[in-house]
2 protein chains.
Amino acid sequence: MDETAPQKGTVETAPQKGTVTQRAIEAVKAMIAEGRLEPGQRLPTERDLAARLGISRSSMREAIRALTVLGVLEARHGSGIYVTQLEAGDLLETFGVVADLSRGPRLVELLEVRRILESTATALAAARITPDQLAEVEKHLTAMNATDDPEEILAHDLAFHREIAAAAGNDTMAAILEGLSSRTFRARVWRGYQEEGAFARTRREHAAIHRALVAHDPEAARAAAAAHVGEVEEWLRTQLGG
Amino acid sequence: MDETAPQKGTVETAPQKGTVTQRAIEAVKAMIAEGRLEPGQRLPTERDLAARLGISRSSMREAIRALTVLGVLEARHGSGIYVTQLEAGDLLETFGVVADLSRGPRLVELLEVRRILESTATALAAARITPDQLAEVEKHLTAMNATDDPEEILAHDLAFHREIAAAAGNDTMAAILEGLSSRTFRARVWRGYQEEGAFARTRREHAAIHRALVAHDPEAARAAAAAHVGEVEEWLRTQLGG
DNA sequence: CAGCCGTAGTGGTCTGACCAACCTGGTGAT
DNA sequence: ATCACCAGGTTGGTCAGACCACTACGGCTG
């Protein structure tokens, strides 16, 4: 009657594969993918889940933590664990990590991706932007040109592009661009770029983008945005390759 | 000399902010971002790190697990914890999760992003592809047309596009596209799409892409790729909106 | 009826133990 | 001298149980 033997006990749980925690992660992901867990819904207790999967609470917590960082789950102290809304913003938040930890040639690649997406997003925005959205864009444009504080300029610059991306109507694309322009990422690149007195050029490029948006001219918007990002891209390329 | 007191011992560690684990995650990320940890380098022991940050091993493990899932760290049982190469593929693996957990309108948005990136990547590939790479592409193209097994077709289809993305010369873009075409993602969409006898059309579109690559014609390649993805995109759109 | 407060429930953290895989270095046979 | 083997230490993986911190719910009080 000694069931202490290293046998597989847990009913019909999947066979051993990788670490226990990994299995737990897959299990929860599967529950969500199969619709057994809806966005916003509350999960069972950590203790419950652990027992249900036949693992310890520690291991289950690691799985939950991982899914939390991925933006799939959200743990509220004292209340419970919930599935996020699984919107683009939730899941793509981790995209910023890529930008933060990339260096050298990879930064150029990221800027290339951003140029492609940003130019398309700006073109779409030119066609679809509403007066309200346009006003919001202009707000940041003027604010950006009215101050000398680099921090503030950067903030408004980010907001400027964010509003445009939002106006493009594709939340997923906007979320990706958000990650590609994460605060730390731009701060690192911008620092050097702006030190070369690129403020005037940046201002001119922003004006061109704005003009295209007002004119609802997608092609002009695409070109202006591509040139804008391309300038930084080229500068960075020379900084590296010599 | 009794440092056993429950005091903040660790030199000048940041004050309390969020959960302990979260702080640990940030600490490791910072170490990497600041270059104190190089790609491929081995980290101190779990026990060491925990002691160094003044937290328990459990909490430190959660942090490590989270960074492992993000593709930043890699734990080798019995050996130690290492920083990954921090290449595009490592960090963007989590992108697949987004595709796996997205449904409804978000799937269309993802396909739209893919269309934008894939068309550009194919255009770049047309300009740069080498004979060797082209041969590889053709291998999968013919293999795809030579079988009836949907599983095999899907596998070669994925490889077909993967080779093209690789030929574009931007690893980051290739990694993102890889995530956007993850196995489970395409399986879900394809199932329905191909049931409508879209095989012939798909074959024709692949042929067009191949022709453009052979001719080193970027514009034709861009158009062909955009149309290819756009077809699926349109079909999915009608499936949802009615 | 409104507001306070206590208590049960839940996530957050810690401790300490043991298991399993890896790696190093020594030992012995060839 | 060389190489195969194996024994022990190091390190990640897992487990168990305890306590703390916060939330939410419901009864009690004014």
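Side-chain atoms are counted along with the backbone in the values below, which use heavy atoms only and exclude waters and symmetry mates. Just so you know, these numbers come straight off a predicted model, no measurement behind them. Naming: A, B, ... by sequence-line order, numbering from 1 per chain.
- Between B:E74 atom CD and C:dA21 atom C1' there is a gap of 15 Å when expressed in whole angstrom units.
- Pairs engaging residues 56-82 of chain A under the salt bridge (Lys or Arg N to Asp or Glu O under 4.0 Å) rule: A:E46-A:R57, A:E46-A:R61, A:R61-B:E62, A:E62-B:R61, A:E62-B:R65, A:R65-B:E62, A:E74-A:R76 [sequence neighbours left out].
- Scored by the side-chain contact (heavy atoms from CB on, under 4.5 Å) test, A:V232 finds A:L111, A:V189, A:Y193 as partners (sequence neighbours excluded).
- Every side-chain contact (heavy atoms from CB on, under 4.5 Å) that A:P44 has, sequence neighbours left out, goes to A:D48, A:L49, A:R52.
- Remark: A:D149 engages A:T147, A:E151, A:E152 in a side-chain contact (heavy atoms from CB on, under 4.5 Å) (not counting sequence neighbours).
- Here side chain to side chain donor-acceptor pair (under 3.5 Å) pairs that include residues 81-90 of chain A, with residues two or more places apart or in two chains, are A:S79-A:Y82.
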Walk along nucleotides 12-23 of chain D from 5' to 3' and tag each nucleotide B, S or - by protein heavy-atom contact under 4.0 Å, base first, then sugar-phosphate.
BBBBB-BB-BBB
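- Residue B:Y82 contributes atom OH, which lies 17 Å from atom P of C:dA21 at whole-angstrom precision.
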